[in-house]
Number of protein chains: 2
Amino acid sequence: MRTGPVRPLRRRLRSRTCRVGCGSQEVNDEPNVAPATAARVWDAVRALDYHIDLQAGSLRRTDGRTRTLGLLVGSVDNPFSGVIHRVIEEVSLRREVAVFASSLDDDPEREERAVAAFLRRRVDGLILTTAQRRPGYLGAIEGRGIPVVYIDREPAAVGVDAVASDNRGGADAATTHLIARGHRRIALLADRLEIQSAQARRDGFLDAMGRAGIPTSLATIVTELHDEAAARAALTDLLESHDPPTAVFSGQNLITVGALHALRAHGLQHTVALVGFDDVPLADLVDPGVTVVAQDPHEIGRVAVERMFARLEGDASPPRHLLIPTTLIARGSGEIPPPA
Amino acid sequence: MRTGPVRPLRRRLRSRTCRVGCGSQEVNDEPNVAPATAARVWDAVRALDYHIDLQAGSLRRTDGRTRTLGLLVGSVDNPFSGVIHRVIEEVSLRREVAVFASSLDDDPEREERAVAAFLRRRVDGLILTTAQRRPGYLGAIEGRGIPVVYIDREPAAVGVDAVASDNRGGADAATTHLIARGHRRIALLADRLEIQSAQARRDGFLDAMGRAGIPTSLATIVTELHDEAAARAALTDLLESHDPPTAVFSGQNLITVGALHALRAHGLQHTVALVGFDDVPLADLVDPGVTVVAQDPHEIGRVAVERMFARLEGDASPPRHLLIPTTLIARGSGEIPPPA
DNA sequence: GTGAAAGCGCTAACAG
DNA sequence: CTGTTAGCGCTTTCAC
């Protein structure tokens, strides 16, 4: 039987069990327990390999907390998401909070389903990446008093916490870096503009181009690039056009990899400049090294999870959007000058 | 109030609520409900944005299931783990099962804590990577009737399901590949031998060397390499020794990256051959391309999660260790011949 | 078809 | 300090 060995313990020891030893290994620091009683309970706990049922407890507990968090990331197999997940796990572990992780896949329907699944499991809080500008479930969640912290993308909804990269500023810096090397005919390879961060990066690109006084006719913007293959195909088209760009700004790590393949296939990796948004592994080992605007996913995760626990501990300060700075890492590809 | 809007619904509709509409969006296919009653309940459900409490339900449900799985991977920010996690999530999603994910970090104490945390949350099953040859908690779990499937590493314990790469065979193939190019002085850079998969790869390396009749004096084996920095330092030492290897077999993806850095720093990337175990991103874009023995984490995850659900559905066939084949991908670095 | 009642394992409140 | 009791939201069973 599944819960076989558990019931007898309770039968005999009743509430004593949980007043004494329940949490992890240590004694529940419940005061006013006689050493003899504690020992008796502990013997039983060990003899039966008793593990308290946290779920049952949350049902009756005053705060109703399940010591559980729902995390929705772009995809659990994306390295950017992985780093965020890891730091959230680490901070949660210290507080004996477990985390449910799900992948968004930039699918609003999947997002709704994931949030509903979290809610049915009574998570204490939600750390979410959203595919929507104005998530529809927000009202329902707020009414329930469950804190939400958005990561990676800032929803348009007012009054929610969000932690994201300074996408606009980072894209501006990347573009400015290329302009400073003398480029004017610069192509932006962007993800779907539905995605808030993709749009912010596009805006940053336009900021820099405008500030430099470069006419929009020189800026080629390709959007709706969601995977490596699409990016590769798009850049291949541009390179084979009658008036190819002298520099490329790729708006996302998969796009960067696709762009690298396209440049390599045309033997142009030392001719056409490239700056990518978000770092890619082994970027320093390819030739030339890939210049990127690196994000700081560890910091995004850390700030988000700390905000979450602050909210859970009663912080009622006004919700804020926190922007984590990006860092331009020059490795070679972004320093290639335009042809003389 | 947290559960504020939920109680009134129950107060009025009692058990009707859950006989009619609870699961996800669809009507619980409970038969024998009058359309009028169902409509009444559905109105209330929608009006209150009611979400059933799955946890509370599992408490009373006959099978006691929480529709929850515990997943312990090497680290949620490791790409190999990420792919496994993703396919497990995908299959679980279809069955409306949520997954708790944790990172092992090759720390036995962390492993014990993670398993205990899963148990306290009454997960239905455990998919585990282990840092131990003989996990101590196994007896306790078996008594509870919770299925366990090990991934990535095979514990020595008998009678448990496990799904892992054919580590020994893959390492043999990698080493044989180097020997076939004429190498005899081959270095193995290995992880901690405590880790079962690292040991299996070492055994495969020795299999191939032995079969080729290469004296062990020509095989340099460095073990206990757990991160990129250690691997880089170890290979640097070897390259600067009086009798450096002509080829390197790196036993793990972080070691491969460390080895690439060491070779590059010595300008030997076109001189010393390298084959890595486990694929690395952008391996085809560095020069030379990195020859690897690729694992199939997607298949490992798929087989593991399918075995898990089979067990949960009552499959009582004898536990098995399933080995997923590896694939040698020749990209250049492994085809460099020894100096004439 | 529908409603009422018991009880899952726990915590909270209170009586001894 | 210790034991008892009620009840969290649900599923199960049984009476209507």
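As the structure is a computational prediction, the values presented were derived from the model and not from experiment. Chain letters run A, B, ... following the sequence lines, proteins first and then strands; every chain starts at 1.
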Checklist entry - B:Arg61 CZ to D:dT13 P: how many Å, rounded? => result 13 Å
Checklist entry - For the residue pair A:His85 and B:His85, does the interplanar ring angle fall in the parallel (under 30°), tilted (30 to 60°) or perpendicular (over 60°) class? => result tilted
Checklist outcome for this item: Taken to the nearest 0.5 Å, the spacing of B:Arg311 CZ from B:Ser317 OG works out to 4.0 Å
Item to check | Watson-Crick or G-U stems of DNA chain D, 3 or more pairs, under 3.5 Å, by first number | outcome: C:1-14 with D:3-16
Checklist entry - Once you round it to whole Å, what is the distance between P of C:dC10 and CG of B:Leu119? => result 13 Å
Item to check | Rounded distance (Å) that lies between atom P of C:dC8 and atom CG of B:Leu54 | outcome: 20 Å
Next on the checklist: Checking contacts here: which listed nucleotide (C:dA12, C:dG9, D:dC10) is nearest the side-chain heavy atoms of A:Ala56?
Outcome noted: C:dG9
Checklist outcome for this item: A:Asp53 has its side chain closest, among D:dG7, D:dG9, C:dG9, to C:dG9
Next on the checklist: Nearest whole Å is fine: how far is D:dC10 P from A:Arg120 CZ?
Outcome noted: 12 Å
Item to check | 5′-ward residue of the pair B:Arg60/A:Thr62 relative to DNA chain C | outcome: B:Arg60
Checklist entry - Sub-3.5 Å donor-acceptor pair from the side chain of B:Glu89 to the main-chain atoms of A:Ser103, do we have one? => result yes
Checklist entry - Whole Å only: how far is the CG atom of A:Asp63 from the P atom of C:dC10? => result 17 Å
Next on the checklist: Is there a side-chain contact between B:Pro319 and B:Arg307 in this structure, where contact means two heavy atoms from C-beta onward sitting under 4.5 Å apart?
Outcome noted: no
Next on the checklist: To the closest 0.5 Å, what do you measure between CE (A:Met308) and CZ (A:Arg95)?
Outcome noted: 11.5 Å
Checklist outcome for this item: Residue set satisfying side chain to side chain donor-acceptor pair (under 3.5 Å) with B:Glu109, at least two apart, ordered chain then number -> none
Item to check | Out of D:dT11, C:dG9, D:dG7, whichever nucleotide has its closest atom nearest the side chain of B:Leu59 | outcome: C:dG9
